[in-house]
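Below is one structure; the comments refer to it alone.
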Amino acid sequence: MGQEIRFIRNKEGKRGIAVSLAGTVYISETPVEIEVKESGGGFHLYRSGYEKAEEVKNGYQCQVLVDTAYGSRLEVSDTYQWKWEKMDLKACQGPEEEAVSDGCQMAAEEIVFTRRVQVIREHGREVGFSSSFALHEEGRYSLDDYEVFIPGIWYRRNENVVDKAFGSNARDRYHYIRITRMAMPYVELYRPENNSYMVMKHISPNPSVGMKEVSSDWAMDTSFQYASMGIRNEKAAELIYHFPGSEGEKTYVDEKQAWAKRSHPLRKGFTQEYSFSLTGGRAQGHYEAMQKVWRHFYETNTPQHRKADVEKVYQHSMELLHVYTQRYNGVMGLPFWTTVPEGTVCDISFQMGFVGQQTMCAYQLMRWGYQLNQEELVEKARAIIDFWVKESMKDSVVPRVWYNAFPDTFKADYPTYTRTVADGMEGILACYLCAKKEGRTESGWLAFCIRYGDWLVRNQNADGSFYRAYDEKGEPVHKGKFNTTNVIRFLVNMYWATDKEQYKEAACKAGRFSYDNIYLPMQYVGGTADNDNTIDKEAGMIAVYAFMALYDLDGHKRWLQAAKGAADFTETWTYVWHYEVKPYKGNAVFDKVDITGLSLIATGHSHADVMMGYMPYEYYRLYLHTEDVHYREFALFLNGNTKQTLDWSGRLGHVYPGLVEESGELAMQYHNGLGRWLPWCTIAQIESLTRFQERFGSMDVEEIDQRSRQENEADNHKQGYAWLVM
């Protein structure tokens with residue numbers, strides 16, 4: 001069954017609507033809602049059905065006049081149009097229904113809703129207004145009956161998110177979210193009981209705002225041309241579109257407040273207009289429900305690919321690492337952060353992995369040094385690795401992961417996060433393998449990796465899991481288990497490096513735990529060590545790494561299936577639409593580039609970063625493994641778009657072209673950036689490039705994509721480590 005609409009009589013005798021989407025009926029008894037702000041600070045909500053409804057080309061136009069308590073009048077005109085041609089025509093007669101014409105029921109692929117609200121008469125005691133449209137499934141199901149998907153914000157029932165996050169409390173009645181916070185602007189309700197989903201997607205206008213909104217106080221301005229969407233959970237769970245975009249009853253504008261309300265002036269002649277679409281369908285399970293909707297909108301609104309000269313990206317990035325890698329108070333490393341675009345060093349401390357990426361920077365320098373036959377680069381890398389191997393476990397059972405150059409000591413209050421140490425150990429192992437490939441034996445580096453690998457084997461929990469963080473004695477200080485995926489790729493690589501079955505067994509055991517407790521329930525939690533243990537993008541990324549490594553290890557299809565699920569989840573954190581972003585704080589470059597390719601970081605805030613630069617390699621390999629052309633498309637998109645804020649072309653004005661700002665908030669449309677480069681930012685730009693080169697012979701995925709399928713398939717199936725194909 002397709003989509004259709006009929007009109008129903010509500011309690012006031014006006015027309016509501018009933019929309020059938022893929023066989024499930026959704027109802028709005030009062031499709032017109034006007035919230036009026038009064039001069040004294042109060043407000044009133046007016047709800048109404050339509051007074052008139054007539055058939056127009058491909059749909060219906062409906063109208064009503066809304067009169068307020070003080071005599072203001074607003075004229076509302078709504079149009080429902082089918083994007084495809086008529087498929088079914090019936091009369092809709094019944095005791096509660098009225099046929100507008102003989103063809104009142106029609107079916108289509110997608111219904112587009114357009115609203116125009118004009119102020120006909122104003123009263124001085126009423127100063128502002130906003131309008132809404134909401135509908136719910138017939139039968140009045142509560143939010144507990146649904147799973148929710150809002151890209152980069154809400155996944156299933158949003159279990160294991162921080163208290164301040166949208167959707168953290170299903171008992172909240174209102175979940176209004178500014179659309180610019182969404183990686184793609186839509187809200188999906190999926191009911192597992194009947195496998196149906198209903199989606200509301202923003203179409204127009206292009207979000208814009210004429211003022212920097214620094215407060216959650218109720219603001220009113222004609223420039224507010226953005227919406228909010230979400231869920232209202234009163235008598236039933238409803239999808240709701242609100243214009244302009246009030247946010248609540250949680251808001252990231254001011255986390256201490258419940259609401260940040262927005263209105264247009266209630267002034268004679270003022271008009272607001274907007275459009276959204278309604279789409280429905282069926283899906284077998286939460287992964288399919290998430291994937292089908294994301295891909296449908298991606299394919300119908302494919303983002304423009306931004307080209308990047310990857311050779312320049314690599315060259316500038318490596319030159320930057322070379323410049324910043326120096327001895328600081330006698331220890332070789334890279335500063336924790338510098339300013340962008342000036343490049344001023346501000347914090348000289350070294351983090352083994354995670355955002356510091358000291359050992360992976362060493363690997364990239366070593367690899368580059370061998371390619372150029374420049375011993376200085378190799379020696380810099382060797383000095384970095386020697387420091388961590390000799391010092392980080394000197395008085396500790398597990399590696400300590402954050403070192404202060406001034407004074408020269410490890411941070412005593414910073415635990416060994418599994419994420420941070422796994423990154424760091426992978427870098428050391430990569431350096432060992434790189435040196436080995438060049439005929440240099442660094443047995444001490446491998447022994448260090450074995451020491452930690454053996455600790456992992458001994459301390460793996462009975463269920464296969466590992467904890468989130470440990471102290472210097474190896475005792476857990478955070479017993480969350482969602483970071484189990486973090487060490488799987490390292491363990492797989494240790495098996496290949498040593499042929500010790502214990503590492504393979506530990507990796508597979510951790511994989512089984514992760515499959516059951518992370519992949520199946522879609523619980524990608526705690527990937528970032530500097531956020532609370534909350535749903536985030538990096539947990540999805542690391543799960544892709546883990547399951548792909550396991551699939552390379554034994555070829556079991558369950559690992560490939562899990563890698564696909566994790567990749568589908570991770571993809572939905574990436575901005576694939578764009579809107580105007582004005583300068584405010586940080587490195588303001590969005591007059592020259594757009595935001596596509598940047599990605600939201602974690603639930604609980606709207607900061608976005610360049611992290612998806614790591615992922616073209618993974619998506620392209622998934623394409624080759626699965627023949628799913630969407631993964632190819634997404635790899636090609638990421639390959640260039642994630643490089644936009646790096647000054648590879650020289651037009652952004654960075655002191656060093658390799659500098660790139662770590663992150664910032666874009667959602668308020670005034671860029672609130674950190675203005676900082678951290679070492680991980682450069683590794684994110686180049687790691688995928690070097691891994692492409694190691695496996696396929698070229699850094700440029702577009703060049704690789706021009707080769708024969710047979711050549712790429714052969715290279716894709718070569719057994720090898722995460723970085724080097726041996």
Side-chain angles (χ1 to χ4, degrees), residues 110 149-155 177-188 199-207 226-227 229 275-277 279 287 289-308 524 536-538 540-541 544 564 566-581 589-590 593-603 606-620 622-623 628-645 663-667 669 671 684 688 701-702:
E110 191 169 351
F149 296 97
I150 306 176
I153 294 173
W154 196 327
Y155 294 88
I177 304 166
R178 189 174 177 136
I179 61 169
T180 48
R181 301 192 190 281
M182 304 173 186
M184 191 186 293
Y186 70 80
V187 179
E188 175 186 1
V199 187
M200 177 181 282
K201 182 181 183 297
H202 170 79
I203 298 176
S204 70
N206 291 328
Y226 58 84
M229 291 193 299
S275 297
F276 58 83
S277 67
T279 309
Y287 275 104
M290 176 186 67
Q291 185 205 68
K292 285 181 72 171
V293 173
W294 171 268
R295 289 193 179 189
H296 168 70
F297 291 129
Y298 186 99
E299 289 161 9
T300 55
N301 300 276
T302 304
Q304 182 177 350
H305 290 202
R306 305 297 183 181
K307 301 295 183 181
Y524 302 101
D536 63 27
K537 168 191 64 198
E538 289 174 51
M541 291 173 56
V544 176
K564 289 168 55 181
D568 291 342
F569 165 86
T570 303
E571 180 179 342
T572 66
W573 293 75
T574 314
Y575 274 112
V576 295
W577 70 305
H578 62 88
Y579 46 79
E580 179 185 34
V581 178
V589 298
F590 295 105
V593 301
D594 66 43
I595 68 173
T596 57
L598 296 175
S599 50
L600 294 160
I601 299 170
T603 49
S606 290
H607 272 254
D609 64 16
V610 296
M611 179 65 69
M612 288 298 283
Y614 276 104
M615 296 302 286
Y617 175 83
E618 305 294 346
Y619 282 99
Y620 197 76
L622 271 176
Y623 154 64
D628 186 333
V629 295
H630 177 80
Y631 293 133
R632 171 187 176 274
E633 153 62 31
F634 200 64
L636 294 171
F637 161 74
L638 289 178
N639 191 55
N641 290 56
T642 57
K643 311 296 189 291
Q644 289 194 84
T645 55
S663 69
E665 185 188 56
L666 314 167
Q669 297 193 255
H671 178 230
S688 192
V701 65
E702 294 187 2

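Please read these numbers as outputs of a predicted model, since none were measured by experiment.
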Charged N to carboxylate O below 4.0 Å: is that the case for [X] and [Y]?
X: Glu702; Y: Lys307; value: yes
X: Asp628; Y: Arg295; value: yes
X: Arg181; Y: Glu665; value: yes
X: Lys537; Y: Asp609; value: yes

Atom of [X], atom of [Y] and distance for their closest heavy-atom approach:
X: Phe590; Y: Leu598; value: CZ-CD1, 3.7 Å
X: Trp577; Y: His202; value: CZ3-CD2, 4.4 Å
X: Gln291; Y: Asp568; value: NE2-OD2, 3.0 Å
X: Ile177; Y: Met182; value: O-CE, 3.7 Å
X: Thr570; Y: Gly540; value: OG1-C, 3.1 Å
X: Gln304; Y: Asn641; value: O-ND2, 3.1 Å

Checklist entry - Would Tyr155 and Trp573 count as a close aromatic pair, with their ring centres under 6.0 Å? => result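 For Tyr155 and Trp573, the ring centres are under 6.0 Å apart.
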
Item to check | Derivation of the side chain to side chain contact (heavy atoms under 4.5 Å, CB included) call for Val610 and Thr645 | outcome: CA-CA 8 Å; Val610 296; Thr645 55; 3.6 Å; yes

Do the rings of [X] and [Y] sit parallel, tilted or perpendicular, given the 30° and 60° boundaries?
X: Tyr631; Y: Tyr619; answer: tilted
X: Tyr186; Y: Trp294; answer: tilted
X: His630; Y: Phe634; answer: parallel

4.5 Å side-chain heavy-atom contact, [X] and [Y]:
X: Tyr575; Y: Ile595; answer: yes
X: Leu622; Y: Lys564; answer: yes
X: His296; Y: Glu110; answer: yes
X: Tyr524; Y: Asp536; answer: no
X: Tyr579; Y: Asp594; answer: no

Next on the checklist: Within 45 degrees of the ring normal and closer than 6.0 Å to the centroid, is that where the cationic atom of Arg632 sits relative to Tyr620?
Outcome noted: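 Relative to the ring axis of Tyr620, which defines the angle, Arg632 lies outside at least one limit.
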
Item to check | Working for side chain to side chain contact (heavy atoms under 4.5 Å, CB included), residues Leu666 and His671 | outcome: CA-CA 5 Å; Leu666 314 167; His671 178 230; 3.6 Å; yes

What's the separation between atom [atom1] in [X] and atom [atom2] in [Y], rounded to the nearest 0.5 Å?
X: Gln669; Y: Glu580; atom1: CD; atom2: CD; result: 6.5 Å
X: Met200; Y: Ile179; atom1: CE; atom2: CD1; result: 12.0 Å
X: Ile203; Y: Phe276; atom1: CD1; atom2: CZ; result: 9.0 Å
X: Leu638; Y: Ser688; atom1: CG; atom2: OG; result: 8.5 Å
X: Leu600; Y: Thr572; atom1: CG; atom2: OG1; result: 9.5 Å

Item to check | Side-chain donor/acceptor of Gln644 to backbone N/O of Arg306, under 3.5 Å | outcome: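 Not confirmed, Gln644 side chain does not pair with Arg306 backbone.
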
Next on the checklist: For the backbone of Thr574 and the side chain of Ser599, can you confirm whether one donor and one acceptor N or O come within less than 3.5 Å of each other?
Outcome noted: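 No; judged by distance alone, with no hydrogens or angles, the pair does not exist.
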
Checklist entry - Between Thr596 and Phe637, does a side chain to side chain contact (heavy atoms under 4.5 Å, CB included) hold up when you go through it step by step? => result CA-CA 9 Å; Thr596 57; Phe637 161 74; 4.1 Å; yes

Next on the checklist: Quick check on His578: does its NE2 atom have over 12 non-hydrogen neighbours (other residues, nucleotides or ligands) under 6.0 Å away?
Outcome noted: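 12 or below, so no.
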
Item to check | Stepwise side chain to side chain contact (heavy atoms under 4.5 Å, CB included) check, Leu636 with Val701 | outcome: CA-CA 7 Å; Leu636 294 171; Val701 65; 3.8 Å; yes

Item to check | Test item: side-chain donor near acceptor, Tyr298 and Glu571, under 3.5 Å | outcome: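 No - no donor-acceptor pair under 3.5 Å links their side chains.
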
